[in-house]
Student: 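To start, I am sharing the structure in question, which I have written as structure tokens.
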There are 2 protein chains.
Amino acid sequence: MGLAKTEMFTDKQNKISLFAKVFGHPARVAILQYLFKIDTCICGDLVSEIGLAQPTISQHLKELKNLGLIKGNVEGTSVCYCIDKDNWSNMKDIMIKFLDQDIPNTDCC
Amino acid sequence: MGLAKTEMFTDKQNKISLFAKVFGHPARVAILQYLFKIDTCICGDLVSEIGLAQPTISQHLKELKNLGLIKGNVEGTSVCYCIDKDNWSNMKDIMIKFLDQDIPNTDCC
DNA sequence: TTGTTTCATTGCAATATTACGATATAATTG
DNA sequence: CAATTATATCGTAATATTGCAATGAAACAA
């Protein structure tokens with residue numbers, strides 16, 4: 001199979017899992033952290049920064065772009081990437097709401 | 001391949017991606033939400049609640065247990081599951097720190 | 001002891017993900 | 001135009017994930 005049965009879950013649950021999945025690879029985490037760290041757009045130094053082959057980085061960027069978390073801008077021969085603020089903020093709200101629930105106070109375990 | 005090159009990333013990046021990966025399936029999100037919603041341990045009604053086959057649920061529970069996010073207690077013939085408060089709290093801090101970074105104010109994109 | 005119930009494990013088929021070489025595309029330079 | 005640079009896409013091999021039927025194991029009930 002390898003195929004999640006998304007139709008049996010709520011939209012919210014599927015959304016959370018889609019966001020989580022994109023963070024489920026250290027290369028994508030590293031790309032995002034780099035975008036946060038350097039206070040400007042990324043224009044090309046990602047391949048040397050991360051250490052994976054160029055097609056691999058391109059593929060990871062595509063997944064981040066597909067979810068809307070980053071956006072790219074063609075700048076001559078290179079492409080500038082940066083966080084999509086609105087979408088990131090939206091995702092953050094959803095994820096934090098999931099993570100920050102009150103833990104039931106049942107000491108049966 | 002299908003194999004992440006974890007050795008090229010920091011421990012923190014790998015940790016974040018491992019936590020995220022476990023949330024990257026709606027069934028595991030649903031299990032956790034159910035654990036939060038019902039204010040007590042889960043003792044057996046997960047299979048009927050989620051709607052996947054029993055071995056599938058068992059497998060998802062195992063992954064959550066492996067990361068330490070839930071713990072189980074044998075209660076007669078059934079097993080009681082609940083959130084592991086300390087580990088959840090720890091994970092939450094790491095994930096929120098990652099999600100809640102200040103977004104660079106560069107409007108080049 | 002013989003079921004019965006509940007959950008875990010095994011084994012396997014279907015599908016997804018990861019990584020990268022080769023190649024394509026698109027803008028720029030000479 | 002030809003060469004260069006930067007990125008995307010294609011194709012494919014290696015590995016991971018998902019789901020479940022079959023089976024096992026452990027506690028309980030009769």
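All chains are named by letter (A, B, ...) in the order of the sequence lines, taking the proteins before the strands, and each is independently numbered beginning at 1.
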Student: Just so I know, are the side chains of L61(B) and V79(B) near enough to count as touching, which here means a heavy-atom distance under 4.5 Å?
Tutor: no
Student: Give, ordered by number, those residues of residues 3-17 of chain A having at least one heavy-atom distance below 4.0 Å to an atom of DNA chain D; if nothing qualifies, reply none.
Tutor: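 Only L3(A), A4(A), K5(A) qualify.
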Student: Roughly how many Å is it from CG in N73(B) to P in dA8(C), rounded to a whole number?
Tutor: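 Distance check: N73(B) CG to dA8(C) P gives 12 Å.
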Student: Toward the 5' end of DNA chain C, which comes first, T77(A) or G51(A), by nearest nucleotide?
Tutor: G51(A)
Student: In this structure, how many angstroms lie between the P atom of dA8(C) and the CD atom of E75(B), rounded?
Tutor: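 Spelled out: CD on E75(B) to P on dA8(C) is 14 Å.
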Student: Tell me the salt bridge (charged side-chain N to carboxylate O under 4.0 Å, His left out) pairs involving residues 54-65 of chain A, sequence neighbours left out?
Tutor: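 Sorted result for residues 54-65 of chain A: R28(A)-E63(A).
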Student: Distance check, rounded to the nearest 0.5 Å: K97(A) atom NZ versus Q101(A) atom CD?
Tutor: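 Interatomic distance, K97(A) NZ to Q101(A) CD, rounded to 0.5 Å: 10.5 Å.
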Student: In whole angstrom, what separates L67(B)'s CG from dT17(D)'s P?
Tutor: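 Result: 11 Å.
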Student: Once you round to the nearest 0.5 Å, how far does CD of E7(A) lie from CG of N14(A)?
Tutor: 9.0 Å
Student: When you measure from every atom of DNA chain C, which of residues 53-62 of chain A have a heavy atom less than 4.0 Å away?
Tutor: A53(A), P55(A), T56(A), Q59(A), H60(A)
Student: Taking DNA chain D as the partner, which of residues 18-28 of chain A come within under 4.0 angstrom of it by heavy atom?
Tutor: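 Result for residues 18-28 of chain A: none.
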Student: Less than 4.5 Å apart, side chain to side chain, heavy atoms only: is that true for N73(A) and E75(A)?
Tutor: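 In contact.
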Student: Output the distance between atom CG (D102(B)) and atom CG (D100(B)), rounded to the nearest 0.5 Å.
Tutor: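 With rounding to 0.5 Å, CG (D102(B)) is 7.5 Å from CG (D100(B)).
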Student: Given the rule that a pair is Watson-Crick or G-U wobble with both distances under 3.5 Å, how would you write DNA chain C in dot-bracket, using | for pairs to a different strand?
Tutor: ||||||||||||||||||||||||||||||
Student: Is the distance from OP1 or OP2 of dA8(D) to the nearest side-chain N or O of Y81(A) less than 4.0 Å?
Tutor: yes
Student: Nearest whole angstrom, please: distance from the C1' of dG19(D) to the CD1 of I50(B).
Tutor: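 Distance check: I50(B) CD1 to dG19(D) C1' gives 15 Å.
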Student: List in chain and number order the residues that pass ring-ring contact (aromatic ring centres under 6.0 Å, His included) with F98(A), two or more places apart in sequence or in another chain; answer none if no residue qualifies.
Tutor: F23(B)
Student: Over how many whole Å does the gap from L52(B) atom CG to dT18(D) atom C1' extend?
Tutor: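 Rounding to the nearest Å, CG of L52(B) and C1' of dT18(D) are 9 Å apart.
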Student: Measure the shortest side-chain to side-chain distance between K21(B) and K21(A) over non-hydrogen atoms and say whether it is less than 4.5 angstrom.
Tutor: no
Student: Please report the shortest heavy-atom distance between L99(A) and K92(B), naming the atom on each side.
Tutor: O-CD, 3.0 Å
Student: Any side-chain donor-acceptor pair under 3.5 Å between Q13(B) and T10(B)?
Tutor: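 Side chains of Q13(B) and T10(B): pair found under 3.5 Å.
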Student: Nearest whole angstrom, please: distance from the P of dC7(C) to the NZ of K65(B).
Tutor: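 To the nearest whole Å, that distance equals 11 Å.
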Student: Would the F36(B) and W88(B) ring centres measure less than 6.0 Å apart?
Tutor: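 Yes.
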Student: Heavy-atom distance under 4.5 Å between the side chains of K12(B) and V29(A), does that happen here?
Tutor: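 No - every pair of side-chain heavy atoms lies 4.5 Å or more apart.
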Student: Mind checking whether D84(A) and L69(A) have side chains closer than 4.5 Å, heavy atoms only?
Tutor: no
